[in-house]
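Below is one structure, written out as structure tokens; the observations come after it.
By convention in this document, chain letters (A, B, ...) are assigned in the order of the sequence lines, proteins followed by strands, and residues within each chain are numbered from 1.
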Amino acid sequence: MPKTYDPASTEPRLIQDWIEGGCYQRSKGVGDCTVVIPPPNVTGMLHMGHAMDDTIQDTLVRFNRMRGVSTRWILGTDHAGIATQTKVDKHLKEQGISRLEIGRERFVDACQDWRREYGGIIVEQIKRMGCSIDFADEKFTMSPEYARAVRKVFCDWYHAGLIYRGKRIVNWCPSCTTAISDDEAEYRDEPSHLWHLRYPLAEPVDGIDYITVATTRPETMLGDTGVAVSPEDPEKAKLVGHTVMLPIVNREIPIFSDWHVDKDFGTGFVKVTPAHDPNDFAMGAAHDLPQINVFDEHAVVVPGYGEFSGMDRDQAREAIVDWFDEHGLLDHIEDIEHSVMHCYRCDSALEPWLSEQWFVAVDKLKGPATKVVEDGEVTFYPERWKQTYLTWMENLKDWCISRQLWWGHRIPVYYCDDCGWEDALMEDVDTCPSCGGHHVRQDEDVLDTWFSSQLWTFATQGWPERPEEMEGHHPTTVLVTARDIIALWVARMIMSSLYFTHEVPFHDVFIYATILAKDGSRMSKSKGNGVDPMQLIDTYGADAMRFNLLTLVTNNQDVRFDAVTAKDGTITSARTDASRAFVTKIWNASRFVLMNMEGYTPGPAEAATPEDAWMLSRLAKMVGRATSDIEAYDLGDYARSLQTFFWNDLCDWYIELCKGRLLHGAAEERLQVQRNLAFVLDSSLRLLHPVMPFVTEAIWDAMPASGLDGEPHDGRFLMQAAWPDPASVSPFENDGAEHDFEIARRVVELVRSARARYRLSPKEELDVCVKVSADDAAVIESQASFVRGVGRVGSLEVGQDVAKPEGSVSFVDAGMELYVVLGGLVDLAGERARLEKELAASRKDLAGVERTLANPGFVAKAAPQVIEAKKARQADLATTIAQLEAQISDLG
RNA sequence: GGGCGAUUGGCUCAGGGGUAGAGCACAUCCUUCACACGGAUGGGGUCGCUGGUUCAAAUCCAGCAUCGCCCACCA
């Protein structure tokens with residue numbers, strides 16, 4: 001093995017080997033683990049959220065593959081309608097090309113080119129992360145096969161009456177000239193004004209000849225068809241039933257009362273514009289008011305409004321306010337904070353606009369989709385997201401699915417201009433099936449991107465034409481995704497899957513923490529606080545990034561990622577750096593083991609020494625813990641506990657303890673150590689593999705067979721090797737051995753502490769005496785070689801009646817008194833100070849324990865084990881205090 | 001407005017009714033033949049605030065504060 005591990009050269013080679021070895025394709029086995037990747041948009045590059053998502057999925061898939069479960073991880077990308085169209089539009093604009101000039105067909109071709117390029121990049125990035133997903137079988141939400149599935153869904157729902165066309169207020173983006181769904185719109189508070197406008201009454205009432213309405217949208221007054229007041233506003237009740245004469249347009253409109261109105265806001269009079277406000281639309285519908293659209297698709301005032309026609313909404317606002325002012329009808333202007341909806345793509349202010357749209361009626365879909373989550377057929381991890389889902393489902397309104405875009409699935413509805421026939425069809429037509437006429441046209445709109453991605457779990461698996469492909473792989477096992485698309489995507493997948501496949505799309509939904517920038521804000525391009533996962537991989541290697549990400553998988557909603565990108569573009573992340581150090585540690589420890597394998601033949605691990613028994617016990621518990629952690633999606637604990645195990649137990653102690661036998665031991669002894677090390681290392685690599693596939697695979701390739709399965713590795717990959725079986729290693733669990741080891745380890749630590757305090761050379765052997773109970777003395781004696789070797793101890797005297805030697809420093813710890821002989825170097829004042837500090841701490845602890853024990857309530861109500869533990873602690877502390885006092889007085 | 005989460009050492013985070021943890025950073029020592037991306041030894045925190053439940057609260061509950069996210073709404 002090379003002295004240093006180089007991720008940059010190793011990772012690409014392994015990816016190639018794995019793919020050539022067919023390791024990424026679906027595996028056969030017992031049970032099923034099918035996962036669909038949340039398809040990234042073809043618009044861009046992988047970001048940290050994807051890196052997190054894909055690392056989690058890969059860890060789960062690799063784990064299951066190793067466990068012998070049949071795995072299938074499905075790759076694909078999303079055409080991402082608006083997002084892609086906007087990017088391509090911009091791209092073309094830079095070349096001086098307008099999409100309107102080149103037309104729909106050529107524009108869609110340009111989108112396809114874009115998708116091939118960027119879809120390819122993102123797939124390469126997924127590959128580079130080490131994701132063991134089937135790259136040979138890539139799906140796309142606009143592939144011909146997928147398009148047929150989308151079309152079938154539309155047609156079936158259309159014919160079942162679940163899809164209908166209707167006039168609705170939609171959030172219209174005048175710049176993208178498309179409707180934006182509520183879920184895609186972004187609200188932002190902005191300083192604005194509340195204009196108080198006077199509307200003259202048609203006939204004065206009790207001497208009042210005008211009322212004042214307050215509005216943030218004066219330009220929409222051209223479309224006003226009523227004025228509303230609150231039913232709880234007695235002062236204004238007398239005006240209800242009267243009319244006002246709308247200025248400028250001279251339209252006589254009624255005053256009515258409606259619960260939408262808050263009597264304490266503004267003036268208590270609300271101008272009602274059904275065509276330009278969702279609430280007004282609702283009020284208008286309830287009170288039978290006309291809907292008058294005053295804007296065209298670009299938010300320009302339509303003809304018929306004199307000087308105002310042809311103005312855009314901003315110009316119109318100014319002109320109309322001026323008009324009111326000139327005519328003495330502008331009461332006053334008030335400054336307010338006002339939240340304005342913006343297009344999530346182009347950031348233009350959205351216009352509530354009345355238009356013809358397609359909708360999915362959700363009434364019949366939401367019931368079943370609610371039930372499966374309530375019943376636990378679909379389980380959310382962490383559990384709290386269940387409530388988020390249910391609340392959203394409860395408040396669900398019909399879903400506007402039409403988009404006025406060119407890039408997307410075109411709505412398969414055909415109209416005959418000759419006879420008025422209309423239908424949704426699976427095949428294109430140019431002749432009217434009803435009248436035989438040739439004036440048949442297809443609907444111009446395309447479908448909301450989520451309409452196609454809601455089919456992702458089954459349309460990627462042969463539905464509807466090859467249902468056999470789904471057998472055993474649907475419902476999928478787990479969906480790993482971000483919390484912000486629980487409503488947009490997760491819920492819709494559940495609804496459509498239940499309808500079309502009669503089963504849930506997945507059993508588990510795992511929601512990971514949102515990755516925030518170091519300052520706690522969302523990573524965003526505009527803020528420039530984002531971190532590029534590819535750059536992290538360049539700097540630290542994919543394993544280090546993956547490991548760090550997995551340690552951040554906790555119950556939290558969001559986590560801060562500590563990486564910072566400097567002005568010169570270099571990236572630093574303390575935690576990823578530490579993860580890289582762990583990768584290096586794994587490499588070096590393995591290198592040491594493999595450098596000392598001469599004469600090795602595979603054979604079973606055995607607890608030949610106390611430290612062997614300890615190590616094998618620790619390993620057995622680690623296997624159990626790693627397995628149950630991953631099964632419970634507790635991936636952060638899986639990663640962190642493995643790191644502690646490998647670094648602290650295996651490297652810091654066991655390998656050090658093996659050196660004596662390995663380098664100088666007799667042949668038989670040596671062979672057993674080799675077998676134990678091979679067993680522990682092999683097991684550890686397998687446990688680590690799901691999160692750190694590269695370094696573990698690279699090492700495994702160089703390793704001989706271990707006692708774990710006895711098979712030589714030639715031509716085999718670790719990623720296809722068996723996950724260690726918790727049941728078969730559990731006989732190694734040995735609490736007694738662990739306890740004994742702790743005692744010996746403590747002796748070594750105390751010797752080291754003395755050495756550090758007196759700055760003694762690590763080469764120099766120290767003489768040590770330990771005064772302990774007879775039982776513990778035997779325990780230490782049995783591990784004398786370990787204590788001598790690792791502690792660099794010369795003579796070691798252990799017993800009940802050991803006396804403190806001349807010129808030694810003493811330690812008191814848990815019933816143990818330990819003396820390290822220094823030979824006249826003792827710093828009496830320093831020792832006294834140290835012992836007194838410990839004494840003070842012990843006394844304080846004892847006082848606390850005694851206070852608890854003196855509490856009658858505690859003795860009466862606490863669990864017996866707790867009381868026992870307290871009493872034992874009391875005894876220990878009392879002994880320690882007595883010993884410390886004796887030592888201090890001994891110092892003179 | 002509704003909901004959710006966070007608040008633990010300088011930083012990023014675990015933990016979670018009964019002796020406060022890790023990594024990084026810091027201090028001292030060590031280039032001993034796996035590893036200086038290392039080893040050893042240390043210093044450092046009344047677990048946001050106020051109440052409550054309990055024999056016992058950093059941990060459970062309530063309120064508050066601050067930060068963040070989601071949903072809804074705003075004439």
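Within the nucleic acid shown, A:D277 comes within 4.0 Å of sugar-phosphate atoms alone, with no base atom in reach, counting heavy atoms only. Looking at heavy-atom distances under 4.0 Å, A:V213 makes no contact with the nucleic acid at all. In this structure, A:E749 reaches the sugar-phosphate backbone alone: every heavy-atom distance under 4.0 Å involves primed, P, OP1 or OP2 atoms, never a base. Within 4.0 Å (heavy atoms only), A:D652 reaches sugar-phosphate atoms of the nucleic acid but no base atom. Within the nucleic acid shown, A:R757 has no heavy atom closer than 4.0 Å to any nucleic acid atom. Backbone-only contact: A:V559 has heavy atoms under 4.0 Å from sugar-phosphate atoms and none from a base. When heavy atoms are screened at a 4.0 angstrom cut-off, A:S761 is found touching no nucleic acid atom at all.
Here the C1' atom of nucleotide B:A40 and the CZ atom of A:R746 are 14 Å apart, to the nearest Å. Here B:C11 presents its C1' atom at 14 Å from CG of A:L552, a figure rounded to the nearest Å. Between A:D637 atom CG and B:G21 atom C1' there is a gap of 13 Å when expressed in whole angstrom units. If you take CG of A:L396 and C1' of B:C71, they are 13 Å apart, rounded to a whole angstrom. One can place CD of A:Q557 at 7 Å from P of B:G5, the figure rounded to the nearest angstrom. A:I511 places its CD1 atom 17 Å from the P atom of B:C4, with the value rounded to the nearest Å. Nucleotide B:U19 holds its P atom 13 Å from the CZ atom of A:R851, rounded to whole Å. We find that CG of A:L516 is positioned 13 Å from C1' of B:C13, with the value rounded to whole Å.
Straight-line distance between the P atoms of B:G17 and B:U7: roughly 15 Å, to the nearest whole Å. Rounded to whole Å, the P atom of B:A57 lies 26 Å from the corresponding atom of B:A65. Between B:G45 and B:A22, the two P atoms lie 14 Å apart (nearest whole Å). Taking the P atoms as reference points, B:G48 lies 14 Å from B:C11, given to the whole Å. Nucleotides B:A58 and B:U8 are separated by 7 Å at their C1' atoms, to the nearest Å. Taking atom C1' in both B:A34 and B:U46, the straight-line distance is 43 Å, to the nearest Å. Taking atom C1' on both B:U28 and B:G44, the two are 15 Å apart, rounded to the nearest angstrom. The separation of B:A6 from B:C49, taken at their C1' atoms, amounts to 15 Å, rounded to a whole angstrom.
Residue A:T584 places none of its side-chain N or O atoms closer than 4.0 Å to OP1 or OP2 of B:C35. At B:G38, none of the side-chain N or O atoms of A:K585 fall inside 4.0 Å of OP1 or OP2 (strictly under the cut-off). A:W647 has a side-chain polar atom (N or O) that falls below the 4.0 Å cut-off from OP1 or OP2 of B:G39. Within the 4.0 Å cut-off from OP1 or OP2 of B:G23, not a single side-chain nitrogen or oxygen of A:N548 is found. Using a 4.0 Å cut-off, some side-chain N or O of A:S753 falls inside it from OP1 or OP2 of B:G42. The phosphate of B:U32 has neither OP1 nor OP2 within less than 4.0 Å of any side-chain N or O from A:K659.
The side chain of A:N556 lies closest to B:C13 when the candidates are B:A34, B:G38, B:C13. Among the nucleotides B:G38, B:G18, B:A34, the one closest to any side-chain atom of A:V866 is B:G18. Candidate nucleotides B:C29, B:G43, B:C69 were compared by shortest atom distance to the side chain of A:D558, and B:C69 ranks first. Among the nucleotides B:U32, B:C13, B:C73, the one closest to any side-chain atom of A:K397 is B:C73.
The partner of B:A27 is B:U41, by the rule that a Watson-Crick or G-U pair needs both atom distances under 3.5 Å. When both pairing distances are held under 3.5 Å, B:U32 makes no Watson-Crick or G-U pair with any nucleotide shown. Within the shown strands, nothing qualifies as a pairing partner of B:A58 under the Watson-Crick or G-U definition with both distances less than 3.5 Å. B:A72 is unpaired under the Watson-Crick or G-U wobble criterion, no partner having all donor-acceptor distances under 3.5 Å. Using Watson-Crick or G-U wobble geometry with both donor-acceptor distances under 3.5 Å, B:G9 finds no partner in any strand shown. For B:A14, there is no paired base (Watson-Crick or G-U wobble, both distances below 3.5 Å). Base pairing of B:U19: no nucleotide in any strand meets the Watson-Crick or G-U wobble criterion (both distances under 3.5 Å). Remark: B:C64 base-pairs with B:G48; criterion is Watson-Crick or G-U wobble with both hydrogen-bond distances under 3.5 Å.
Centroid-to-centroid, the aromatic rings of A:W587 and A:Y5 come within less than 6.0 Å.
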Does the side-chain hydrogen bond (donor to acceptor under 3.5 Å, both in side chains) test come out yes or no for A:Y199 and A:D224, once each step is laid out? CA-CA 11 Å; A:Y199 284 7; A:D224 284 3; 2.6 Å; yes
Verdict with supporting geometry, A:V553 and A:F510, side chain to side chain contact (heavy atoms under 4.5 Å, CB included): CA-CA 10 Å; A:V553 176; A:F510 182 76; 3.5 Å; yes
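Between A:F269 and A:L239 the shortest side-chain heavy-atom distance falls below 4.5 Å. The closest side-chain heavy-atom distance from A:R792 to A:V751 is not below 4.5 Å.
A donor and an acceptor atom never sit less than 3.5 Å apart when one is taken from the side chain of A:R752 and the other from the base of B:U41. Applying the 3.5 Å distance criterion, the base of B:U19 shares a donor-acceptor pair with the side chain of A:R873. Looking at A:K870, its side chain has no donor and acceptor atom pair within 3.5 Å of the base of B:A56. If you check distances only, the side chain of A:E656 does reach the base of B:A34 with a donor-acceptor pair under 3.5 Å.
The pair A:R483-A:D558 meets the salt-bridge criterion, with a side-chain N (NZ, NE, NH1 or NH2) lying under 4.0 Å from an Asp/Glu carboxylate O. Taking 4.0 Å as the cut-off between side-chain N and carboxylate O, A:E838 and A:R834 count as a salt-bridged pair. A salt bridge between A:R755 and A:E764 is absent, with no side-chain N of the basic residue lying under 4.0 Å from a carboxylate O of the acidic one.
The nearest heavy atom of RNA chain B to A:A862 and to A:N555 marks one nucleotide each, and the one closer to the 5' end goes with A:N555. Between A:N855 and A:A578, the residue anchored closer to the 5' end of RNA chain B is A:A578, taking for each the nucleotide with the nearest heavy atom.
The two residues A:H196 and A:T267 make their nearest non-hydrogen contact at ND1-CG2, 3.2 Å.
Each of A:L549, A:L550, A:N548 was scored for a side-chain contact (heavy atoms from CB on, under 4.5 Å) with A:V691, with one residue passing: A:L550.
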